[in-house]
Amino acid sequence: MKRVLSALFCAVMLIASLQPCFLANAKDSALVHWGVSSYKSGKEVTNTTTSYENGEDEEENWNIADFSYIENLDEAKMLVRDALVDREESLRFYMPCTDVEIHDADVRSVYNEARTYSFSNSAKDGEYLYYNSLYSAVWGWREKEADGKAYVLLKYDFNYRSTAEQEEAVNAEIKRILPDLIGETDYETIKNIHDYICKTVTYDKDSEGKPLKEKSLAYSALFGERSVVCTGYCSLFYRLVREAGIDSRIVYCEPVNHNLNMVFIGGKWYYCDCTLGDDEESGEGVIDYSYFMKGKDFSSEDKTKDFVVSATQEPISNYDIAQSKYEFNSSCGGKHLFVDYGYENKPCSELYCKVERCEKCGETRRSFVKSSAHTRAAFAPIEYTCTESGISEFSYCGVCTEVFSKRHITDAAHRIVREITPASIGRDGVIKSHCERCSEEFADEKISAISEVKLSEVNYIYDGRVKAPSVITADSDGNAIPVSQYTVSRSGDMKLPGVYTVTVDFNGNYSGRATLNYTVRMPLVKVKKYTRGKKTIKLRLSKAAGVSGYQIRYSTNKNFRKRVKTVKLKGTVKKLKKLKSKKKYYIKVRAYVTVDGRNYYGDWSRVYKIKTK
């Protein structure tokens with residue numbers, strides 16, 4: 001079988017001198033008691049208790065107002081349990097001194113017992129906490145008198161095996177996988193969990209691998225290489241089974257230094273060893289059921305008489321162990337009559353386990369339920385009337401009393417129905433109103449006619465950018481019509497030269513359609529400067545934004561009907577050559593833009609008359 005290299009907690013604790021809590025002793029000795037436990041290679045080394053003279057301890061002058069107050073050590077154990085679950089690194093609280101002596105062992109036992117089933121209130125504490133929380137702990141106490149009374153301050157500093165972030169990841173992963181592991185009965189649920197662990201977790205045989213504190217964690221069994229020692233198998237099994245609402249313990253066998261689980265089902269306890277059930281030697285995914293749901297006939301080299309409950313060293317004889325392996329209750333012939341039996345956890349929590357029991361054979365099954373577990377209850381609303389106010393519905397959870405909707409008062413009011421005759425261009429509309437409950441009619445409301453629909457701009461000069469004028473509306477009273485009362489649609493890309501259409505469709509209190517146009521024109525170009533030669537004319541044109549080029553047309557005929565020449569240019573300077581001397585030429589210019597192989601031309605400029613030398 002697989003043997004663990006070392007157990008997490010071997011009880012090798014050397015208790016130092018015991019110190020009573022009486023205030024008289026504190027005044028005489030003025031001592032601080034500070035103990036240290038550290039766990040290396042899985043074993044707890046010698047604990048020491050050191051005494052310091054007054055003034056050397058950081059909490060010599062502690063103020064009781066700075067710390068939590070408790071009445072007894074049992075309350076301390078609950079505080080420590082919660083601190084360990086939350087992975088708090090430091091904890092301080094005080095309690096009154098009584099006739100009962102406080103010993104070093106008492107202070108140390110607080111955090112040890114806080115990790116046992118006796119102080120468990122969820123699946124995240126108890127023996128899971130025992131194996132997945134502390135790696136080392138420092139504890140101590142100091143006496144103090146205040147207001148004529150004696151008190152003792154208990155203090156703990158913790159170093160953890162797993163971090164708060166790792167435990168959050170474990171919680172989320174368990175919440176994800178557990179619903180699929182819940183079976184028809186408790187036995188099926190236990191078997192599903194056992195098989196899941198055996199198939200997904202491997203035994204870590206490398207003694208030189210990661211530290212033992214990591215090999216023993218449920219986190220290491222769920223993430224990464226998923227390789228752990230027996231304590232990691234037990235921790236994950238314990239969490240999953242208890243989250244499913246089934247009782248479990250972790251059992252330790254000292255002769256072979258090995259941990260396993262036992263579960264409670266059908267009024268008896270049964271042993272369940274996932275570590276040995278993971279039969280890796282026979283092949284991946286092979287499960288050995290020789291160690292599953294066994295009673296006192298547990299068949300391995302382990303001797304059950306040597307078993308103890310790990311967290312408390314409680315003898316196994318305190319538990320009602322079954323005589324032999326679990327036998328599934330088949331008295332119903334597989335035809336169970338399940339009825340509601342109760343809830344293991346709070347019904348309105350995010351995740352809880354619903355329990356049903358067979359009326360014939362007593363077999364139980366659990367249903368894992370998520371989120372929508374509230375039981376809705378409500379006080380019906382009181383409807384308001386035309387003359388009397390009402391009250392809205394008040395709804396809440398009938399189990400946990402969480403409020404879903406609060407009450408509020410609804411003022412008395414008519415239930416108005418409106419009939420609208422829309423206004424249109426040049427014609428008024430009207431709204432007629434009456435109460436559908438009491439039939440009272442109300443004064444008509446006039447809807448003023450549409451008197452104006454226009455564009456903010458109707459002429460644009462092309463510059464390569466989109467031109468989209470806004471729509472301006474008004475009624476016959478001079479008020480702008482809300483934009484919610486009409487929609488606007490436009491044609492084309494609204495950028496190239498041309499004529500564009502804007503359509504305005506009225507709705508709501510208005511009806512009708514208006515069609516509006518606007519124009520995008522090429523920029524007008526002119527001759528800024530010219531220079532005459534004997535047979536040449538040099539032209540400099542004005543520059544236009546966004547155009548592709550320019551055209552120059554010239555002729556000796558002022559009507560451009562004959563002897564006409566046209567030239568194109570990219571820039572704004574052009575020299576006309578091979579002209580006749582002492583001849584008058586008529587010249588005009590324009591710009592153009594080319595888009596997708598098509599030319600768009602602007603208007604011609606005025607005609608310039610220039611005579612050569």
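The analysis underlying the following values was restricted to heavy atoms, covering all of them including side chains, and did not include hydrogens, waters or symmetry mates.
- Ring to ring, F223 and Y219 are close: their centroids are under 6.0 angstrom apart.
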Report task. For the pair Y271 and F307, evaluate ring-ring contact (aromatic ring centres under 6.0 Å, His included) and give the outcome as yes or no after the intermediate values. Result -> CA-CA 11 Å; Y271 296 112; F307 286 1; 5.2 Å; yes
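- Contact between A83 and Y160 at its shortest, heavy atoms only, is O-OH, 3.6 Å.
- Under the 3.5 Å distance criterion, with hydrogens and angles disregarded, no donor-acceptor pair is assigned to the side chains of S324 and D297.
- Every residue was checked against the side-chain contact (heavy atoms from CB on, under 4.5 Å) condition with A172, not counting sequence neighbours, and none meets it.
- With sequence neighbours excluded, the residues that form a side chain to side chain donor-acceptor pair (under 3.5 Å) with R249 are D247, Y319.
- Counted by atom type alone, R115 and N132 present zero donor-acceptor pairs between their side chains at under 3.5 Å.
- By the side-chain contact (heavy atoms from CB on, under 4.5 Å) test, T200 is found to be paired with Y196, R226, residues two or more places apart in sequence or in another chain being considered.
- Shown here for Y131 and L217, the closest heavy-atom pair between the two residues is O-CD2, 4.2 Å.
- Ring geometry for Y151 versus Y94: interplanar angle over 60°, hence perpendicular rather than tilted (30 to 60°).
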Query - Verdict with supporting geometry, E214 and V229, side chain to side chain contact (heavy atoms under 4.5 Å, CB included) - result: CA-CA 9 Å; E214 296 180 16; V229 294; over 6 Å; no
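- Counting heavy atoms from C-beta outward, T275 and L260 have side chains that stay 4.5 Å or more apart.
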Requested in this report: Give the C-alpha distance, both sets of side-chain angles, the deciding distance and a yes or no for salt bridge (charged side-chain N to carboxylate O under 4.0 Å, His left out) between D195 and K199.
Outcome: CA-CA 6 Å; D195 292 357; K199 290 178 181 179; 5.4 Å; no
Query raised in the report: Does the salt bridge (charged side-chain N to carboxylate O under 4.0 Å, His left out) test come out yes or no for R92 and D157, once each step is laid out?
Result: CA-CA 9 Å; R92 304 287 190 270; D157 292 323; 3.3 Å; yes
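- Remark: the backbone N or O of L134 is paired with a side-chain donor or acceptor of R161 at under 3.5 angstrom.
- Counting only N and O atoms by type, the side chains of S120 and R81 include no donor and acceptor under 3.5 Å apart.
- Judged by distance alone, the side chain of S220 and the main-chain N or O of V228 form no donor-acceptor pair under 3.5 Å.
- Remark: the backbone N or O of M262 is paired with a side-chain donor or acceptor of S248 at under 3.5 angstrom.
- The side-chain contact (heavy atoms from CB on, under 4.5 Å) search around E75 returns I70, E71, N72, M78, not counting sequence neighbours.
- In summary, the side chains of Y130 and D125 do not present any donor paired with an acceptor at a separation below 3.5 Å, with no hydrogens or angles considered.
- Under a 3.5 Å cut-off, the side chain of D86 and the backbone N or O of E88 do not form any donor-acceptor pair.
- A 6.0 Å sphere centred on CD of E89 holds no more than 12 heavy atoms belonging to other residues, nucleotides or ligands.
- Ring pair W139/Y111 is tilted by interplanar angle, where 30° to 60° counts as tilted.
- Evaluation of the side-chain contact (heavy atoms from CB on, under 4.5 Å) rule for T202 yields S227, E280 as partners, not counting sequence neighbours.
- Take E173 and apply the side chain to side chain donor-acceptor pair (under 3.5 Å) test, not counting sequence neighbours, and it matches R176.
- Side-chain contact annotation: Y203 with D278, donor-acceptor N/O pair under 3.5 Å absent.
- A side chain to side chain contact (heavy atoms under 4.5 Å, CB included) with E127 is found for exactly one of T116, N259, V309, namely V309.
- Side-chain contact check for L129 versus V85: some heavy-atom pair is nearer than 4.5 Å.
- The local environment of NZ in K77 is crowded, with over 12 non-hydrogen atoms from other residues, nucleotides or ligands closer than 6.0 Å.
- Closest of all the heavy-atom pairs between A244 and I182 is CB-CD1, 3.7 Å.
- Residues D273 and K294 are not in side-chain contact: their nearest non-hydrogen atoms beyond the backbone lie 4.5 Å or more apart.
- Residues Y128 and E167 bring a donor and an acceptor atom of their side chains to less than 3.5 Å of each other.
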